[in-house]
Amino acid sequence: LARGWRSVLCADVFVFHAGSASFGAERDVLIAHADAVLRSRYPEYFDEVRAFILQDRLSHLRRGVEIDLARRRRITAAPIDVLPAANSAAVMSYRASKTEPVMADVRGRPVQLHVVHDLGGGIERWCKDFGRADAARVNLVLKPFCRGHAAGEGLMLFASSGDDEPLQFWSFTQPFAATVTHHPEYARVIRDIVRDYHVDAVLVSSLIGHSLDVLRAGPPTVLIAHDYFPLCPAINLYYDGVCQSCDGARVADCVEHNPDFNSFPLLTPAERIEVRRSLLDLIERRAVTLVVPCRVVWQHLVSLFPSLSHASWVAIPHGTDQRLKPVPSSAARGSQRKLRVVVLGVLSVNKGVRLVAEILQPLTDFADVFLVGAQEVGEMFSGYPGVSVIPRYSVDELQSILDRIRPDVGLLLSIWPETFSYTLSELMQAAVPPIATNVGAFGERIRDGETGFLVVPDAQAILDAMYQDKKVER
């Protein structure tokens with residue numbers, strides 16, 4: 001600024017950032033060095049950035065984009081017999097003169113409302129699997145609308161989990177950062193959906209982008225713990241290790257010093273505590289039943305919040321489609337043949353990407369490594385000797401991918417306590433022995449030495465297990 005430089009925003013230009021493509025394996029080191037330089041030369045820099053985000057001076061520009069997107073998404077009125085098949089399944093029709101939906105429940109099926117986030121991942125897969133398996137009910141899907149820093153800028157209602165176009169769209173005049181105890185606009189939308197679509201039950205898979213009002217909507221409601229949010233505002237129950245406590249002081253410290261697990265910088269410590277207190281009250285009063293995919297999830301929650309010990313809960317493992325068949329084992333290994341290792345699923349900090357980076361060089365001395373489904377982070381390892389990267393895969397493609405690789409073992413290196421893990425299910429279905437960190441659902445679902453191997457989340461321990469596996473025929 002002293003030299004006359006200006007920051008100029010081009011509001012009509014869209015720039016796509018591929019992520020992690022420029023600096024490869026040096027990325028984390030460079031970021032740490034740059035942060036140190038910035039803090040030394042410009043100690044006020046990070047406070048100014050946070051202040052800029054909080055002021056949100058660009059909100060009017062995003063609002064214009066939101067309005068245009070809403071116009072494009074609006075479904076035009078059509079008689080029930082010409083609606084797309086997915087919408088016909090939800091048996092909805094529209095009055096030509098109104099945007100209000102009218103229920104035409106010609107099949108007499110019960111209606112369930114699935115409340116999810118819009119971030120993909122395991123929740124999206126679970127919701128799609130549920131919808132495919134449950135032909136006896138109408139399964140509507142409610143997602144948050146977000147185009148800025150706030151997760152709760154509006155809502156989108158879909159006829160099914162596979163639909164791209166919503167049945168209805170709402171934009172809030174007062175967005176919220178991540179979740180709130182009460183939001184008048186949100187409460188009105190939920191009330192109208194329950195009434196107009198004759199909702200019989202509500203299944204909440206995520207409260208990201210949603211208000212706790214959805215838990216007070218009226219119909220029987222279950223909260224499915226795909227992760228630990230918002231009881232754990234950091235989502236993954238991780239701050240310098242798996243969390244053993246989480247009082248108000250630790251929450252505030254986590255906000256300031258746990259950047260890898262702070263997805264909602266606009267959500268203040270006080271707001272996090274308020275939401276948690278309200279949710280605990282609902283669960284303790286048994287106004288909501290908690291569903292956990294593995295018992296260890298409940299054990300973690302009760303250890304942190306003993307008041308939950310008398311709450312209503314049930315453990316129901318996620319269903320799987322069982323489409324994968326055992327992968328043919330490799331030829332006799334011999335002392336000279338390299339181990340074939342598959343690292344299945346998204347790579348991120350919570351999924352153990354730093355452990356992968358730490359073990360990769362010694363591991364590739366005796367193993368060929370295949371990163372399957374690593375997404376953008378896989379670019380960090382593209383071109384690394386002994387490493388093959390397949391950024392993405394669908395369930396339908398995974399069988400042929402694994403058949404080509406013929407892995408001897410699969411690595412699952414999450415540092416957070418997973419609540420279930422679809423990737424573990426896929427390895428088990430394909431008869432690929434997993435070596436997994438002994439945290440969360442891995443420790444419950446794997447019988448160490450029988451159905452897989454459990455290790456502490458430490459680079460040397462993982463390598464020791466891999467050395468041992470090299471001596472054992474699959």
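Keep in mind that this is a model prediction, so the values were computed, not measured.
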**Student:** Measure the CG-CD1 distance between Asn350 and Ile235 for me, rounded to the nearest 0.5 Å.
**Tutor:** 9.0 Å
**Student:** Looking at Asp200 and Arg109, is there a salt bridge between them, counting it only when a charged N and a carboxylate O are closer than 4.0 Å?
**Tutor:**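 No, this pair does not count.
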**Student:** Taking Asp213's backbone N and O only, do any of them form a donor-acceptor pair with Ser211's side chain (distance below 3.5 Å, no angle check)?
**Tutor:**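 Yes; judged by distance alone, with no hydrogens or angles, the pair exists.
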**Student:** Checking Ser160 against Asp163: is there a side-chain donor and acceptor pair closer than 3.5 Å?
**Tutor:**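 Ser160 and Asp163 do have a side-chain donor-acceptor pair below 3.5 Å.
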**Student:** Between Glu376 and Arg392, does any NZ, NE, NH1 or NH2 come within less than 4.0 Å of an OD or OE carboxylate oxygen?
**Tutor:** yes
**Student:** Which class fits the ring pair His183 and Phe172: parallel under 30°, tilted 30 to 60°, perpendicular over 60°?
**Tutor:** tilted
**Student:** Looking at Tyr422, is Arg125 sitting on its ring face, NZ or CZ under 6.0 Å from the six-membered ring centre and within 45 degrees of the normal?
**Tutor:**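 Yes; both conditions hold, so Arg125 lies above the ring face of Tyr422.
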**Student:** Just by distance, no angles: are the side chains of Ser161 and Glu124 close enough, under 3.5 Å, to form a donor-acceptor pair?
**Tutor:**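 No, no side-chain donor-acceptor pair sits under 3.5 Å.
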**Student:** Can you measure from CG (Leu207) to CG (Leu279) and round to the nearest 0.5 angstrom?
**Tutor:** 6.5 Å
**Student:** Whether the side chain of Glu185 engages the backbone of Thr173 through a donor-acceptor N/O pair (distance < 3.5 Å, no angle test) should be reported.
**Tutor:** yes
**Student:** Measuring from Asp118:CG to Ser206:OG, what's the distance to the nearest 0.5 Å?
**Tutor:** 10.5 Å
**Student:** Going by atom types alone, do Glu271 and Thr268 pair a side-chain donor with an acceptor below 3.5 Å?
**Tutor:** yes
**Student:** Is the shortest distance from a Lys or Arg side-chain nitrogen in Arg132 or Asp129 to a carboxylate oxygen in the other one below 4.0 Å?
**Tutor:** yes
**Student:** Using 0.5 Å steps for rounding, measure from the CG atom of Leu308 to the CG atom of Leu231.
**Tutor:** 6.5 Å
**Student:** Between Arg272 and Val251, is there a donor-acceptor pair closer than 3.5 Å when you use the side chain of the first and the backbone of the second?
**Tutor:** no
**Student:** Distance from His117 atom NE2 to Thr179 atom OG1, nearest 0.5 Å?
**Tutor:**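 Here the interatomic distance stands at 12.5 Å.
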**Student:** Name the orientation class of the two ring planes belonging to Trp126 and His318 (parallel below 30°, tilted from 30 to 60°, perpendicular beyond 60°).
**Tutor:**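 Rings of Trp126 and His318: tilted, as their planes differ by 30° to 60°.
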**Student:** Give a yes or no on this: more than 12 heavy atoms of other residues, nucleotides or ligands lie within 6.0 Å of atom CZ of Arg285.
**Tutor:**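 Enclosed.
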**Student:** May I ask you to check if Arg276 and Phe229 form a cation-pi contact, with NZ or CZ under 6.0 angstrom from the six-membered ring centre and within 45° of the axis?
**Tutor:**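 Because its charged atom misses either the 6.0 Å distance or the 45° angle limit, Arg276 does not stack over Phe229.
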**Student:** Are Asp192 and Arg188 ion-paired here, with the side-chain N under 4.0 Å from a carboxylate O?
**Tutor:** no
**Student:** What's the spacing between Leu167 CG and Leu140 CG if we round to 0.5 Å?
**Tutor:** 7.0 Å
**Student:** In terms of side-chain heavy atoms, does Tyr238 have a donor or acceptor partner in Asn258 at a distance below 3.5 Å?
**Tutor:** no
**Student:** If we count only N and O atoms by modelled type, under 3.5 Å, do the side chains of Gln399 and Tyr393 hold a donor and an acceptor together?
**Tutor:** no
**Student:** Using a distance-only test with no angle check, is there a side-chain donor-acceptor pair under 3.5 angstrom linking Ser414 and Thr437?
**Tutor:**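 No - no donor-acceptor pair under 3.5 Å links their side chains.
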**Student:** Establish, yes or no, whether a centroid distance under 6.0 Å links the rings of Phe261 and Tyr239.
**Tutor:**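 No, too far apart.
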**Student:** Is it true that the side chains of His226 and Ser205 contain a donor and an acceptor less than 3.5 Å apart?
**Tutor:**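 A pair is found: one side chain offers a donor N or O, the other an acceptor, under 3.5 Å apart.
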**Student:** Please tell me whether Thr451 and Arg445 have a donor and an acceptor in their side chains that are separated by less than 3.5 angstrom.
**Tutor:**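 Checked: Thr451/Arg445 side chains show no N/O donor-acceptor pair below 3.5 Å.
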**Student:** Quick one: do Glu418 and Thr423 satisfy side chain to side chain contact (heavy atoms under 4.5 Å, CB included)? Show the steps, please.
**Tutor:** CA-CA 11 Å; Glu418 295 268 7; Thr423 49; 5.9 Å; no
**Student:** Does Gly154 offer a backbone N or O that forms a donor-acceptor pair with the side chain of Ser171 under 3.5 Å?
**Tutor:**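 No, because the side chain of Ser171 does not come within donor-acceptor range (under 3.5 Å) of the backbone of Gly154.
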**Student:** Determine, step by step, whether Arg250 and Asp253 satisfy the salt bridge (Lys or Arg N to Asp or Glu O under 4.0 Å) criterion, reporting the C-alpha distance in whole Å, the side-chain angles of both residues, the deciding distance to 0.1 Å, and the verdict.
**Tutor:** CA-CA 5 Å; Arg250 184 171 170 83; Asp253 193 52; 5.9 Å; no
